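Written below as structure tokens is the structure these notes are about.
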Amino acid sequence: MEHDRLLIIDFGSQVTQLIARRLRELSVYCEIHPFQNVTADFLAEFAPKAVIFSGGPASVIDEGSPRPPEAVFDLGVPILGICYGQQVMMQMLGGRVERGHGTAEFGRAFVTAGDDALGLLDGWFSEGDEQVWMSHGDHVSAIAPGFEVYGTSPNAPYAITADTSRNFYAVQFHPEVHHTPRGAKLYENFVRMAGFSGDWTMGAYREQAIAAIRAQVGDAKVICALSGGVDSSVAAALIHEAIGDQLTCVFVDHGLLRKDEGNEVVGMFRDHMNLSVIHAEEQELFLGELDGVSDPETKRKIIGKLFIDVFQKYADQIDGARFLAQGTLYPDVIESVSFSGGPSVTIKSHHNVGGLPEKMGLKLVEPLRELFKDEVRALGRELGLPANFIGRHPFPGPGLAIRCPGEITRAKLDILREADAVYIDQIRKHGLYDEIWQAFVAILPVRTVGVMGDGRTYDYACALRAVTSVDGMTADYYPFSHEFLGETATRIINEVPGINRVTYDITSKPPGTIEWE
Ligand code: XMP
């Protein structure tokens, strides 16, 4: 099934991905491509229904600064230029751009409406001036022939311009960022004027992806490392729907999972969804190798290497496997623009199986490559995965090993699992789970004195961690009430033998990290 497609030409802005996010929220299919790759031939083949020029760090005044091909202006489709994209559009169409000289603007600004109405701005200037986010050194000093002004800011007399006869629109600010609070409205108007039908739905995507998986795989076998996380789970469910028993999943239990986690994940996929899942019970192997190890990096290395060995051992038992499924997402595959050389592809090594495809001679199946995280969740719901499973907090590959600073022992892991289960139960009971990015307990390598009943105790201290975050890159601690913290500490100490002291970690990231190791 073919979708209407919008092309975002990337000139290297930090926030280009947010443009794609805003468009996907409007059920519009779009792709981001670095300007170097966008040639006249590329445009003809891509056949966009509309084009957006992103912002970027370069100056159009400089020799050799990034440009789209001239042919883009002859496509006869609407174009929206943002920040650098606005300037490059003006310059190529006959306007003029000058350096700052006191007119640079960074941060919050307010745009005032011009006299005439413009479809792009329908319903935008609701109560006077609109707050926008500016980030420019250069500015347009003369607009190109055919353009008119529809909005100004104190330092940007051409904040919003348009040539309505050709459907070219240019804005100096960034409508895609959070600090342009009503910026989504501009994208909504733009795609409406461009005639997008909003046909990018998860239902449609599911059909298309299933057909693509069948075409790629044929009657070959596929293996998948199932972690129990959202990405690998949704990938597995989708591939299973496409090719049924040709897919085998391997769930590696390294003994560092949370309470009941192994049985829950395997139970759901094997019994509830009828997937073929190998439950690799390798707790002894992992915990044996980790015995006596306390250095965080060494722990990670041991776990990463063993994971690959174990996965390969089980995968080798599956005759004729030719493909490896991975839950790679769109943010991992977007090509980043490099101004010094050609486009560079940044792909994260994923799911602890980095390097495996080459080693085992397997080809990759990555059916989520076009999706953002929240789209993956929507697809998971569409595929019938339970809501509480899809909304689960992220869990790191090395598992509880990095929540157990110092030496890992089975006894400490057992205590940690129990305390974590009580903590998460408390968070769910208070209806806070979905407000929190990640919550967990870390067991500390220190024992403290306490008194319970009439007796002295000498048990472990633990730390509760709960953070809010958008992407895990930065985070803040969650402001629980004192009542919640008190009640939770009491429950943990009463219900979990081995812990007699509970602390709450109020470090943000940076300077801390989310995990303790
Ligand atoms: P930090 O602790 O670096 O964590 O602030 C940021 C996010 O990444 C997760 N994390 C990991 N995930 N393997 C993973 O798959 C790892 O080695 C790993 N270390 C941290 C962490 O849970 C948080 O969501």
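Whatever order the structure lists them in is the order used to number ligands and atoms, beginning at 1. The structure displayed is predicted, hence computed values, not measured ones.
Both cation-pi conditions hold for Arg447 and Tyr460: the charged atom is under 6.0 angstrom from the six-membered ring centre and inside a 45 degree cone around its axis.
The distance criterion of under 3.5 Å between nitrogen or oxygen atoms is met by Gly397 with respect to ligand 1. Where the criterion is an N or O separation shorter than 3.5 Å, residue side chain and backbone included, Arg300 meets it with respect to ligand 1. Of the N or O atoms in Pro394, none lie within a sub-3.5 Å distance of an N or O in ligand 1.
Judged by distance alone, with hydrogens and angles left aside, the side-chain atoms of Glu370 form no donor-acceptor pair with the main-chain N or O of Glu31 at under 3.5 Å. Looking at Arg377, its side chain does come within 3.5 Å of a backbone N or O of Ile390 through a donor-acceptor pair.
Within ligand 1, the atoms closer than 4.0 Å to a non-hydrogen atom of Thr513 are 1 (P), 2 (O), 5 (O), numbered from 1 in the order shown. Taking a cut-off of under 4.0 Å to the non-hydrogen atoms of Gly472, the atoms of ligand 1 that pass are 6 (C). Listed by number with element, the atoms of ligand 1 under 4.0 Å from a non-hydrogen atom of Pro398 are 13 (N), 16 (C), 17 (O).
Using modelled atom types and a 3.5 Å distance limit, the side chains of Thr507 and Asp505 yield a donor-acceptor pair.
Of the listed residues (Leu26, Leu6, Leu23), just one forms a side-chain contact (heavy atoms from CB on, under 4.5 Å) with Phe190, and that residue is Leu6.
Residue nearest to atom 3 (O) of ligand 1, selected from Glu515, Lys509, Lys299: Lys509 (by heavy-atom distance).
The ring of His3 has its center closer than 6.0 angstrom to the ring center of Trp200.
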